[in-house]
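The structure under discussion appears below in the form of structure tokens.
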Amino acid sequence: MRIHFIRHAKAKSSSSSGHDIHRDLSNEGQKQVVALVDHLKIRIENIDVWCSTANRTSQTLDVLGKTITFKSIEHFDDLYLCSKATFMEHLWASDSSDDLVIIAHNFGISDIVSYFSEEPVELRTSEYVCLDFGDLSRAETSRGTGTIVDRYRPFSDPF
């Protein structure tokens with residue numbers, strides 16, 4: 001099983017409502033996601049997606065979905081600015097071994113990738129990391145059971 005982690009693209013610094021959850025993607029963020037599509041279209045086709053309900057994560061998913069077909073899409077309120085514990089609760093509640101895309105926020109998304117890979121990872125906006133868990137199901141994942149097999153960020157220097 002592979003889990004594909006995507007941090008939302010760059011967002012505007014504020015929203016008209018004044019609430020962080022309502023911040024939209026900036027023009028730069030829109031360009032980041034369009035560039036990200038080229039890297040992801042052969043990697044995440046026809047798999048499940050979990051996405052935060054924040055505007056910037058939903059808009060990141062919307063741009064990806066214009067080119068990439070997903071098997072199913074679920075939005076979760078509690079993925080908004082969540083900790084790694086929230087990701088683990090969702091994963092451990094599922095006995096599925098199907099690949100999964102998670103679109104969310106820092107610092108929780110960086111923390112969960114670091115936990116699973118046992119490598120220090122801090123995802124920047126529009127960054128993508130794929131972890132391979134071999135034959136494990138989502139419920140069987142734990143510290144150090146994932147291996148980073150792909151990492152990409154549009155418009156950035158190589159890692």
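Numbers for residues simply follow the sequence, beginning at 1. What you see is a predicted model, and the numbers here were worked out from it, not measured in a lab. What's counted below: heavy atoms across the whole structure, side chains too, no hydrogens, waters or symmetry copies.
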Should the heavy atoms of other residues, nucleotides or ligands under 6.0 Å from NZ of K31 be counted, would the total exceed 12? no
Would L123 end up clustered with Y152 when hydrophobic side chains under 4.5 Å apart are linked, directly or stepwise? no
Under 3.5 Å donor-acceptor, T60 side chain and R56 backbone: yes
Would I3 and I102 satisfy side chain to side chain contact (heavy atoms under 4.5 Å, CB included), going step by step from the backbone distance to the final call? CA-CA 7 Å; I3 302 178; I102 298 176; 4.0 Å; yes
Answer with yes or no whether the side chains of D48 and S72 bring together a donor and an acceptor at under 3.5 Å. yes
Which atom pair, heavy atoms only, marks the closest approach of V33 to S126? N-OG, 4.0 Å
Cluster membership besides I21, Ile/Leu/Val/Met/Phe/Trp/Tyr side chains within less than 4.5 angstrom, sorted by chain and number, is Y80, L81
Taking every heavy atom of K84 against every heavy atom of Y115, the minimum-distance pair comes out as NZ-CD1, 3.7 Å
Kindly indicate whether the side chain of L61, heavy atoms from C-beta on, has any atom under 4.5 Å from the side chain of I6. no
Rounded to the nearest 0.5 Å, how far does CD1 of I148 lie from SG of C130? 9.5 Å
State, to 0.1 Å, how close D132 and G134 come at their nearest heavy-atom pair, and which atoms those are. OD1-N, 2.6 Å
Taking a hydrophobic cluster as the set of Ile, Leu, Val, Met, Phe, Trp and Tyr residues connected by side-chain heavy atoms closer than 4.5 Å, whether directly or through intermediates, do V101 and L136 fall within one such cluster? no
Taking K12's backbone N and O only, do any of them form a donor-acceptor pair with R23's side chain (distance below 3.5 Å, no angle check)? yes
Residues C51 and S58: closest non-hydrogen pair is SG-N, 3.9 Å
With no hydrogens and no angle check, is any side-chain donor or acceptor of T141 less than 3.5 Å from a backbone partner on R138? yes
Is there side-chain contact between I42 and E45, with at least one heavy-atom pair below 4.5 Å? no
Spacing of N55 atom CG and H19 atom NE2 [to the nearest 0.5 Å]: 11.5 Å
CD1-CD1 distance between I73 and I47, expressed to the nearest 0.5 angstrom: 11.5 Å
Non-neighbouring partners of D98 that pass salt bridge (Lys or Arg N to Asp or Glu O under 4.0 Å), sequence neighbours left out: K71
Side-chain (S110) to main-chain (F107) donor-acceptor, under 3.5 angstrom: no
Report the C-alpha separation of L64 and L40 in whole Å, then their side-chain angles, then the decisive distance to 0.1 Å, and conclude whether the side chain to side chain contact (heavy atoms under 4.5 Å, CB included) test is met. CA-CA 9 Å; L64 293 172; L40 295 181; 4.1 Å; yes
Partner of D150 under side chain to side chain donor-acceptor pair (under 3.5 Å), picked from R2, H4, H39, is H39
Taking the side chain as every heavy atom from C-beta outward, state whether E140 and T145 have any pair of such atoms under 4.5 Å apart. no
Student check: side-chain heavy atoms of I44 and I68 closer than 4.5 Å: yes
Would you indicate whether the side-chain heavy atoms of F87 and D111 approach each other to under 4.5 Å? no
Evaluate H22 against S17 for side chain to side chain donor-acceptor pair (under 3.5 Å), listing each step before the verdict. CA-CA 7 Å; H22 297 138; S17 73; 2.6 Å; yes
Are the side chain of S114 and the backbone N or O of P120 linked by a donor-acceptor pair below 3.5 Å? no
Tell me whether F116 shares a hydrophobic cluster with V121, the cluster being built from Ile, Leu, Val, Met, Phe, Trp, Tyr side chains joined at under 4.5 Å. yes
To the nearest 0.5 Å, tell me how far T69 OG1 sits from K41 NZ. 12.5 Å
Can T125 and Q32 be said to form a side chain to side chain contact (heavy atoms under 4.5 Å, CB included), step by step? CA-CA 8 Å; T125 55; Q32 284 178 321; 3.3 Å; yes
Examine I109 and W92 and state if one hydrophobic cluster contains both, with Ile, Leu, Val, Met, Phe, Trp and Tyr joined whenever side-chain heavy atoms are less than 4.5 Å apart. yes
Is there a side-chain contact between V49 and E74 (heavy atoms, below 4.5 Å)? no
I'd like to know whether R151 forms a side chain to side chain contact (heavy atoms under 4.5 Å, CB included) with Y128, so could you lay out the CA-CA distance, the side-chain angles of the two residues, the decisive distance to 0.1 Å, and finally the verdict. CA-CA 6 Å; R151 186 171 182 183; Y128 161 79; over 6 Å; no
If we ignore angles and hydrogens, is there a donor and acceptor under 3.5 Å between the side chains of T53 and H75? no
Close side-chain approach of L36 and E127, heavy atoms under 4.5 Å: no
Is any NZ, NE, NH1 or NH2 atom of the basic residue among D99 and R43 found under 4.0 Å from an Asp or Glu carboxylate oxygen of the other? no
Aromatic ring pairing F76/W50, orientation class (parallel under 30°, perpendicular over 60°, tilted between): perpendicular
Do other residues, nucleotides or ligands put more than 12 heavy atoms under 6.0 Å from the CG atom of N46? yes
Indicate yes or no: at least one non-hydrogen side-chain atom of N106 is less than 4.5 angstrom from one of R7. yes
Treating Ile, Leu, Val, Met, Phe, Trp and Tyr as nodes and any side-chain heavy-atom pair under 4.5 angstrom as an edge, say whether V63 and F5 lie in one connected cluster. no
